Amino acid sequence: QDTIVPYELRVVGSLLLVLGFPVRMGAAYVEWTKPSGGNEVIYLIWNCVGWQTLILFVITLITGLSGKHTWMSKLEALLIGIMGTYLINILRLIAVIVVYFWVGRTIGQVFHDYFSNLFSSSWLIGFWWFSYRFVLDPTSSD
């Protein structure tokens with residue numbers, strides 16, 4: 001909570017600023033002024049940082065990399081998976097905040113609760129399709 005949340009929040013907040021969103025960041029929250037007046041605050045807690053996606057990714061690694069593929073292609077798939085999982089989690093957090101910003105808290109909460117699972121599952125399906133199609137090379141049999 002004290003290490004990962006502030007780091008991810010700085011990354012997400014910085015990207016939101018680059019995208020033109022007038023946000024302010026605290027140690028565990030993103031804040032902005034609503035057009036109607038008043039401030040809107042969204043807190044980022046340990047449960048939001050994407051550890052569930054990381055766990056699912058690690059579980060899929062056990063079976064996904066168990067086939068007869070070259071070590072180099074397994075390493076490539078692993079590195080793509082780690083980077084992709086990180087980037088997908090950052091993109092997921094940005095998407096949730098953008099929906100809160102544009103549409104409001106009620107729709108944002110529904111988006112947060114349901115979209116995140118769909119987004120993470122889609123990432124893993126797409127990653128393994130890509131890995132098996134383009135990255136993992138079978139070992140040669142003698």
Side-chain angles (χ1 to χ4, degrees), residues 1-140:
Q1 173 77 26
D2 295 334
T3 304
I4 295 173
V5 168
Y7 165 76
E8 281 196 4
L9 197 57
R10 281 192 306 274
V11 171
V12 167
S14 297
L15 290 170
L16 285 167
L17 287 170
V18 167
L19 293 171
F21 289 90
V23 297
R24 298 172 295 282
M25 294 154 291
Y29 65 88
V30 174
E31 177 184 24
W32 62 89
T33 303
K34 297 186 290 188
S36 60
N39 291 338
E40 183 75 37
V41 178
I42 296 177
Y43 288 92
L44 183 66
I45 60 172
W46 69 272
N47 210 28
C48 299
V49 297
W51 66 267
Q52 299 97 331
T53 305
L54 182 61
I55 296 288
L56 288 173
F57 171 68
V58 169
I59 290 169
T60 63
L61 283 175
I62 294 166
T63 57
L65 296 181
S66 65
K68 294 184 178 187
H69 300 96
T70 64
W71 281 103
M72 185 55 89
S73 68
K74 286 182 179 184
L75 180 61
E76 289 173 13
L78 175 66
L79 293 176
I80 291 168
I82 291 169
M83 287 299 297
T85 300
Y86 171 75
L87 292 173
I88 285 299
N89 278 313
I90 296 296
L91 182 60
R92 178 184 55 80
L93 291 169
I94 289 172
V96 168
I97 293 170
V98 166
V99 169
Y100 270 82
F101 186 87
W102 281 340
V103 186
R105 185 165 290 278
T106 304
I107 304 261
Q109 186 66 47
V110 171
F111 187 80
H112 170 272
D113 292 347
Y114 297 102
F115 173 77
S116 294
N117 294 332
L118 180 62
F119 203 59
S120 297
S121 299
S122 298
W123 154 247
L124 289 172
I125 291 167
F127 164 70
W128 284 112
W129 171 82
F130 180 82
S131 292
Y132 273 93
R133 180 87 167 108
F134 300 107
V135 179
L136 292 169
D137 293 325
T139 56
S140 59

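It should be emphasised that the depicted structure is a prediction, and the values quoted were computed from it without experimental measurement. Excluded from the calculations below are hydrogen atoms, water molecules and symmetry mates; all remaining heavy atoms, backbone and side chain alike, are included.
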Check: In this structure, are over 12 heavy atoms from other groups packed under 6.0 Å from Leu79 atom CG?
Finding: yes
Notebook entry, point to check: Is the backbone of Gly64 close enough, under 3.5 Å, to the side chain of Tyr132 for a donor and an acceptor to pair up by distance?
Noted result: yes
Check: Excluding sequence neighbours, so at least two apart, what forms ring-ring contact (aromatic ring centres under 6.0 Å, His included) with Phe130?
Finding: Phe134
Notebook entry, point to check: Nearest heavy-atom pair of Val135 and Ala77: which atoms, and what distance?
Noted result: CG1-N, 3.7 Å
Check: When rounded to the nearest 0.5 angstrom, what distance separates CD1 in Ile55 from OG1 in Thr85?
Finding: 11.5 Å
Notebook entry, point to check: If you round to the nearest 0.5 Å, how far is CG of Leu16 from CG of Leu9?
Noted result: 9.5 Å
Note to self: Donor-acceptor pair, distance only, cut-off 3.5 Å: does the side chain of Arg92 make one with the backbone of Phe115?
What the structure shows: no
Next item on the list: Could you walk me through whether Trp128 and Thr60 pass the side-chain hydrogen bond (donor to acceptor under 3.5 Å, both in side chains) test, one step at a time?
Entry: CA-CA 9 Å; Trp128 284 112; Thr60 63; 2.9 Å; yes
Checklist line | Least distance between heavy atoms, Gln52 atom then Asn47 atom | finding: NE2-OD1, 2.9 Å
Item checked: Closest heavy-atom pair and its distance - Gly13, Met25 -> CA-SD, 3.0 Å
Item checked: Minimum-distance pair of heavy atoms, taken over all atoms of Val96 and Ser116 -> CG2-OG, 4.2 Å
Check: Which distance, rounded to the nearest 0.5 Å, do you find between the CD1 of Ile88 and the CG of Leu124?
Finding: 9.5 Å
Margin query: Please report the interatomic distance OH(Tyr43) to CD(Glu31), rounded to the nearest 0.5 Å.
Written below: 8.0 Å
Check: Is there a side-chain contact between Phe119 and Leu91, using heavy atoms and a 4.5 Å cut-off?
Finding: yes
Notebook entry, point to check: Distance-only, no hydrogens or angles: does the Lys74 side chain make a donor-acceptor pair with backbone N or O of Leu65 under 3.5 Å?
Noted result: yes
Margin query: For a quick test of reading the model, state the closest non-hydrogen atom pair linking Val5 to Leu44 and the distance between them.
Written below: CG1-O, 3.3 Å
Check: Between OH of Tyr86 and CG of Leu54, what distance do you get to the nearest 0.5 Å?
Finding: 13.0 Å
Notebook entry, point to check: If you look at every heavy atom in Leu17 and Val23, which pair is closest and at what distance?
Noted result: CD2-O, 3.5 Å
Check: Would Trp32 and Phe101 count as a close aromatic pair, with their ring centres under 6.0 Å?
Finding: yes
Next item on the list: Inspect the surroundings of NZ in Lys34 and state if more than 12 heavy atoms from other residues, nucleotides or ligands are less than 6.0 Å away.
Entry: yes
Checklist line | Rounded distance (nearest 0.5 Å) linking atom CD1 of Ile82 with atom CG of Leu61 | finding: 7.5 Å
Checklist line | Minimum side-chain heavy-atom gap His112-Cys48 below 4.5 Å | finding: yes
Note to self: Less than 4.5 Å apart, side chain to side chain, heavy atoms only: is that true for Arg24 and Asn39?
What the structure shows: yes
